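Because the structure is a prediction, the values reported are computed rather than measured.
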Amino acid sequence: ESRSGQGFRAGVAFYPGCVELTKAKMPYRPYAPLLVLSGEADDWTLAAPCVELARIARSQGSSAEIVTYPGAYHSFDRLNSPVRYRPTVRNLNKPDGRGATAGEHPQAREDATRRTLEFFERHLKNRDFQTALRYARTRLSLACSCRLQHTRVSPIGALGRSPGPS
């Protein structure tokens, strides 16, 4: 649980940037179970640092899983988004700091959606899971751009979020 007593009971991160956290002085240790989903072909937010981050977190006793998808790029979970190169986006993984490939990968999207729902079903209480499921069904995709921070997984949306006082 977070230091404030409120926070996430579980978190799923779709293609997060993990490079900085693997270099942090303190080993990354999420306080809630974490599932990371990354495309192996992602040249914007590389999968390899996330694999290392999950290994570090597990070595610290945290629950951290990672699934990588061969042939999948950034935004693999988007619907109707053909793979394309975006030459003007900022990308610190490129020598010139620009350009990334992004686009859908239907098999990865399907598997990631299934794994996300199974993960939340495993880690959230029934009411929280039903809230997450309703949220997921209102969207065409479970894409919730996520970013990892030093002590918290912060998705845009309410998946896995602890409810406020009743």
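When atom types are taken as modelled, the side chain of Asn93 and the backbone of Trp44 share a donor-acceptor pair closer than 3.5 angstrom. Panel note: side chain Thr45, backbone Tyr15; a donor-acceptor pair is recorded below 3.5 Å. A donor-acceptor pair under 3.5 Å is formed between the side chain of Tyr31 and the backbone N or O of Phe8. The backbone N or O of Arg78 lies less than 3.5 Å from a partner atom in the side chain of Arg109, making a donor-acceptor pair.
Residues Phe119 and Tyr69 share a single hydrophobic cluster, defined by chaining ILVMFWY side chains whose heavy atoms lie under 4.5 Å apart. Hydrophobic cluster membership differs between Ile66 and Val19, with clusters built from Ile, Leu, Val, Met, Phe, Trp and Tyr side chains linked at under 4.5 angstrom. Tracing side-chain contacts under 4.5 Å through hydrophobic residues (I, L, V, M, F, W, Y), one reaches Leu124 starting from Phe14; they form part of the same cluster. Both Leu34 and Val51 belong to a common hydrophobic cluster when Ile, Leu, Val, Met, Phe, Trp and Tyr are linked at side-chain heavy-atom distances under 4.5 angstrom. Under the 4.5 Å side-chain heavy-atom criterion for ILVMFWY residues, no single connected hydrophobic cluster contains both Tyr73 and Val89.
Side-chain contact check for Ile56 versus Glu52: some heavy-atom pair is nearer than 4.5 Å. Residues Thr113 and Asp77 are not in side-chain contact: their nearest non-hydrogen atoms beyond the backbone lie 4.5 Å or more apart. Annotation: side chain of Phe76 is in contact with side chain of Leu37 (closest heavy-atom distance under 4.5 Å). Pro30 has its side chain out of reach of Ser63: every pair of non-hydrogen atoms, C-beta onward, lies at least 4.5 Å apart.
Atoms OG1 and CD, from Thr116 and Glu121 in turn, are 12.5 Å apart once rounded to the nearest 0.5 Å.
For Glu65, the salt bridge (Lys or Arg N to Asp or Glu O under 4.0 Å) partners are Arg122, not counting sequence neighbours.
Minimum heavy-atom separation, Pro70 to His105: O-NE2, 3.6 Å. Of all heavy-atom pairs spanning Leu46 and Cys50, the tightest one is O-SG, 3.9 Å. When all heavy atoms of Asn91 and Ala100 are compared, the pair lying nearest together is ND2-CB, 3.7 Å. The minimum heavy-atom distance between Thr68 and Glu40, with the atom names listed, is OG1-OE2, 2.7 Å. Here the shortest heavy-atom pairing between Ala72 and Ala108 reads CB-CB, 4.1 Å. Here the shortest heavy-atom pairing between His123 and Pro33 reads ND1-CG, 3.5 Å.
More than 12 heavy atoms of other shown residues, nucleotides or ligands fall within 6.0 angstrom of atom CD in Gln60.
A salt bridge is absent between Glu118 and Arg115; no separation between the charged side-chain nitrogens and carboxylate oxygens falls under 4.0 Å.
Side-chain polar atoms of Glu104 and Ser81 form no donor-acceptor pair below 3.5 angstrom.
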